[in-house]
Amino acid sequence: MNGKHITKLGFTGADIGLALAAASVREDAGAARDDILNELRAVHASPAQHLTGVYATLAASLQARAEQDALHAHDALRAQPLPYRVWGAHLIDDGAFAQMNTAMRLPISRAGALMPDAHLGYGLPIGGVLATQHAVIPYGVGVDIGCSMRLSVYALPAASLDARSGTELLHRHTRFGAGVGWEKRDRLHHDVLDDPAWNAQPLLRHLFDKAVTQLGTSGSGNHFAEFGTFTLTHGGLDLPAGEYLAFLTHSGSRGFGAQVAGHFTRLAEHLHPHLDPAARKLAWLDTRQQEGQDYWTAMTLAGQYALANHEQIHARVARALGETPTLTVSNSHNLAWKQVVDGQELIVHRKGATPAAEGQLGLIPGSMADPAYLVRGRGVPDALHSASHGAGRQLGRKAAEKTIPRAEWKAYLAQRGVTLLGGGIDEAPQAYKRVQDVLAAQSDLVEVLGQFQPQIVRMDSGSEDI
DNA sequence: ATGTTC
């Protein structure tokens, strides 16, 4: 009996040695070679039947290998990405295409689309839309679960608020910065804090206190709170066409959502150890299993929390102004939705993409000094009822800091009369694609109803405090 | 995006 005999029976790797060892025990016991070979053949065919006795170790190893192979086969990527449509391909870098191609090779993917603001992200590109079946990808939603926009339009002339009063109001009634929350005496209650989902998982219970503290705050990065002039070009939205004072915010689910995202991304990666390294950050959770259902519960709560967060920011500002907004619009742009696609219910991930079903209102911001647009969706099926979530970066943060001259950044603001509170050069308008180009590339996806020109903008100050 | 990563 030698290795050649064993290999011929189909044993591989460490199983060859285990088979040889078992065979020699049988030989010592006086078994005939043909009988041993038949026994080995039987163990190879059905290891589950031989988990005790002389072949036990070999059978266990075979069984583990089979389970691993099954898992690997289940996770294998398609040879070619499924086809998907792209809007504004001339505005999109190669890295974003490569990430989308990988996403469309996932065995769970069914459809997808790339928006004109697309750029590199973790896993799915920012500006990526992906429909999957029975699966949700934490990094297909993104780190800032429920990141969203909200606009309040006041039936007041745009000039009702001067730069000085607006500045003071923003300083007093908005909070920026990583880890930042409201002092206990300044906190407001919101029904989202009474959601029973907070008690559905130890993780959510653990994050509740942080969520209470941070409700009504703006965070950091590209998040902002700004006053500006809103020009409504279409009537019929509770307001006649015209120019108005308005308040616009971009914020998300803060530390709560970030920790939910981190937890479930690690869990998904752990559950797919054999996933192709190129798709590692696209690891998914099965929505028919507990892990996927837990993520869905947590993600939904984070989405609600983010909207509540905006509501409080706007409520504080409205109270300080002593006014009530006449028109309010909001939309999430980092979330997954259950959506019927070609007659089948799928999970549609929008990671930096605005829902744009027929008639649905949305907000697409440009940059700290460029207009944000109020849009109405046209419900294009190939875009999975989506549009861009903004202008999209054309320079990464580090590249922006290195290449944009400070004077050009300040000149861009000055030319548009923008007062900036906080904010860094990594968020300079020059770091973003021109939002007008991005809108032009998706005119078939959304109709523009109005535009908002920022005037007093607050962002996180980073290191240089204000 | 987040206050600091299985």
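Naming: A, B, ... by sequence-line order, numbering from 1 per chain.
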Between atom [atom1] in [X] and atom [atom2] in [N], what is the gap in whole Å?
{"X": "A/Arg397", "N": "B/dT2", "atom1": "CZ", "atom2": "P", "result": "10 Å"}
{"X": "A/Leu207", "N": "B/dA1", "atom1": "CG", "atom2": "P", "result": "20 Å"}
{"X": "A/His263", "N": "B/dT4", "atom1": "NE2", "atom2": "P", "result": "17 Å"}
{"X": "A/Tyr139", "N": "B/dT5", "atom1": "OH", "atom2": "P", "result": "13 Å"}
{"X": "A/Met299", "N": "B/dA1", "atom1": "CE", "atom2": "P", "result": "19 Å"}
{"X": "A/Asp460", "N": "B/dG3", "atom1": "CG", "atom2": "P", "result": "11 Å"}
{"X": "A/Asp144", "N": "B/dG3", "atom1": "CG", "atom2": "P", "result": "10 Å"}

Has [X] got a side-chain N or O lying under 4.0 Å from the OP1 or OP2 atom of [N]?
{"X": "A/Lys210", "N": "B/dT2", "answer": "no"}
{"X": "A/Gln214", "N": "B/dT2", "answer": "no"}
{"X": "A/Asn222", "N": "B/dA1", "answer": "yes"}
{"X": "A/Arg254", "N": "B/dT2", "answer": "yes"}
{"X": "A/Ser220", "N": "B/dT2", "answer": "yes"}

Contact class for [X] vs. all strands (heavy atom < 4.0 Å): base, sugar-phosphate, or nothing?
{"X": "A/His223", "value": "sugar-phosphate"}
{"X": "A/Gly219", "value": "sugar-phosphate"}
{"X": "A/Gly252", "value": "nothing"}
{"X": "A/Ala178", "value": "base"}

Between the side chains of A/Thr249 and A/His314, is a donor N or O closer than 3.5 angstrom to an acceptor N or O?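 Short answer, yes.
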
Within 45° of the six-membered ring axis of A/Tyr412 and under 6.0 Å from that ring's centre, is NZ or CZ of A/Arg416 located there? yes

Cation-pi check, A/Arg350 to A/Trp337: give yes when NZ or CZ is under 6.0 Å from the six-membered ring centre and within 45° of the ring axis, no otherwise.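 Yes, A/Arg350 lies over the aromatic ring of A/Trp337.
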
A/Glu447 vs A/Arg376, test: salt bridge (Lys or Arg N to Asp or Glu O under 4.0 Å). Steps then yes/no. CA-CA 5 Å; A/Glu447 175 190 12; A/Arg376 184 158 60 196; 3.3 Å; yes

Student check: side-chain heavy atoms of A/Glu408 and A/Gln430 closer than 4.5 Å: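 The answer is yes; the side chains approach within 4.5 Å.
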
If you find the nucleotide of DNA chain B closest to A/Arg266 and the one closest to A/Glu427, which residue's nucleotide is nearer the 5' end? A/Glu427

